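Shown next, in structure tokens, is the structure this report addresses.
It should be emphasised that the depicted structure is a prediction, and the values quoted were computed from it without experimental measurement.
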Amino acid sequence: MTFAKMSWQPQYRSSKYRHVFGKPANKENCYDNVPITRSVHDNHFCAVNPSFIAVVTECAGGGAFIVIPIQQSGKLDPHYPKICGHRGNVLDIKWNPFDDYVIASCSEDASVKIWDIPKPYVTKSITNARKELVGHSRRVGLIEWHPTASNIIFSTAYDYKIMIWNIDNEEPIIYSPVRTIECHKDVILSMSFNLDGSLMATSCKDRKVRVIDPLKGCIIQESDGKTHKASKVLFLGNMKKLVSTGTSRWNNRQVVLWDQDDLSVPLHQEDLDGSSGLLFPFFDNDTDMLYLVGKGEGNIRYYEVNLQKSYLQYLNEYRSCLPQKGIVGILPGRHLPNDSWNTASPYCT
């Protein structure tokens, strides 16, 4: 009688982050009395870099946001100076990854503005932008800086177009973008770059996820949108993968993992719950951790992303009774002191 030698493999995978947990900041390290916008637009409404935190605020007669030095925590003065100059509500703000003192904003007035923050920082209102980008015919909902090319910024609006702008010139108002990408047939809900900026991913109101070559302006990959209605999409660092959040055909909230080279079939698809709040994904490339932040709720789920099956490993969930209205996202790891855990830290409002 002979016996076949079999090796037993466990059906679970041990994680080095299985004891990770979320901890809210102490009150003295929080920013209190911030007049956060009441807009219902599905966006972050805030942005952070190692020097400043910016928050879109309520403003009569146009759009505005405030810039607060990171170290200046505590209660905000009711008359704290604002950065204002848009004729409509501000819908998105993004810090320049190459200059901590430059920030971009877009608005319902169909324009994008580039602002210079004074060096050294002086708390004063700013009404004159360094640059104004005028090219869209409808309100501009999203902006993204190119991750490796300085002074290149992308904007997308409700005219279904993505415009690429070069702000490295002397003109205060730029009317002509470097390139216009017209491959979407509905409103673009999110866009994300891979690490070197050679690929761009978008999610659209037509339910589809697309991978686009920004230099050629053509679609490389496209999902069919039949089983997953994508709301937000994000490149996962150097893993050559995408993650999207949205809803299933039964309106359950979903998180879906994709191979960037093949969007025909998802690598992993997971139903989460039946809530209606939008899920914003954030990825820490140093730890391979994925954060799913629910807008309008107090939950933040975190997962470890693996290169092999199972691709997503649930770690834990932070719960709070206070709903999140805006999500700043990931504070760059270069902000942390040398003796800290070398990872990024999320901010929420």
Side-chain angles (χ1 to χ4, degrees), residues 31-39 41 43-136 139-146 150-155 157 163 165-175 325-326 328-329 331-332 335 347 349:
Y31 307 93
D32 198 13
N33 202 35
V34 179
I36 305 171
T37 180
R38 292 192 289 270
S39 172
H41 191 74
N43 239 334
H44 297 168
F45 295 129
C46 35
V48 66
N49 69 15
S51 301
F52 302 103
I53 178 172
V55 182
V56 179
T57 64
E58 283 294 306
C59 180
F65 60 95
I66 59 175
V67 171
I68 310 169
I70 283 286
Q71 306 302 330
Q72 186 183 313
S73 56
K75 191 172 183 179
L76 209 66
D77 190 297
H79 303 290
Y80 192 87
K82 294 181 173 66
I83 297 178
C84 48
H86 284 287
R87 297 179 298 277
N89 290 332
V90 174
L91 299 182
D92 197 13
I93 49 177
K94 291 287 168 58
W95 289 103
N96 188 336
F98 297 94
D99 190 338
D100 288 348
Y101 286 79
V102 174
I103 188 171
S105 62
C106 64
S107 167
E108 290 181 346
D109 63 10
S111 72
V112 178
K113 292 180 184 287
I114 311 298
W115 308 85
D116 287 328
I117 308 302
K119 292 182 184 180
Y121 180 72
V122 179
T123 306
K124 66 176 184 179
S125 294
I126 301 174
T127 56
N128 295 320
R130 171 160 62 94
K131 299 281 183 185
E132 183 174 3
L133 315 180
V134 181
H136 289 286
R139 59 179 175 172
V140 184
L142 291 169
I143 47 177
E144 286 289 346
W145 294 93
H146 194 276
S150 178
N151 293 321
I152 299 296
I153 189 169
F154 288 59
S155 64
M163 293 188 178
W165 305 88
N166 181 4
I167 64 171
D168 192 15
N169 60 51
E170 300 298 327
E171 298 296 327
I173 302 178
I174 303 175
Y175 294 97
K325 183 172 180 63
V328 174
L331 179 66
H335 168 73
Y347 275 60
T349 60

- Side-chain contact test, heavy atoms from C-beta onward, threshold under 4.5 Å: evaluate it for Ile174 versus Val134 and give yes or no. no

- Closest approach of Ser51 and Asp100, non-hydrogen atoms and distance? OG-OD2, 3.6 Å

- Task: Determine yes or no for a side-chain-to-main-chain donor-acceptor pair under 3.5 angstrom, with Lys75 supplying the side chain and Asn33 the backbone.
- Result: no

- Message: Taking Lys94's backbone N and O only, do any of them form a donor-acceptor pair with Trp145's side chain (distance below 3.5 Å, no angle check)?
- Response: yes

- Task: Taking the side chain as every heavy atom from C-beta outward, state whether Ile103 and Asn49 have any atom pair closer than 4.5 Å.
- Result: no

- Note on the structure: Heavy atoms of Asp92 and Gly141 approach each other most closely as CB-O, 3.6 Å

- Message: With side-chain hydrogen bond (donor to acceptor under 3.5 Å, both in side chains) as the test, pick out the partner of Asp109 among Arg139, His136, His86.
- Response: His86

- To the nearest 0.5 Å, what is the distance between SG (Cys46) and CD1 (Ile36)? 7.5 Å

- Mind listing the closest non-hydrogen atom pair of Lys82 and Ala64 along with its distance? CD-CB, 3.9 Å

- Message: Checking the side chain of Tyr121 only, and the main-chain atoms of Ile68 only, is there a donor and an acceptor separated by less than 3.5 Å?
- Response: no

- Verify whether the ring centers belonging to Phe52 and Tyr101 lie closer than 6.0 Å. yes

- Item | Rounded distance [0.5 Å steps], SG in Cys106 versus CD in Glu144 | 10.0 Å

- Check: Asn43 side chain, Phe45 main-chain N or O, donor-acceptor pair, under 3.5 Å: no

- Flag, side chain of Asn89 to backbone of Glu108, donor-acceptor distance under 3.5 Å: no

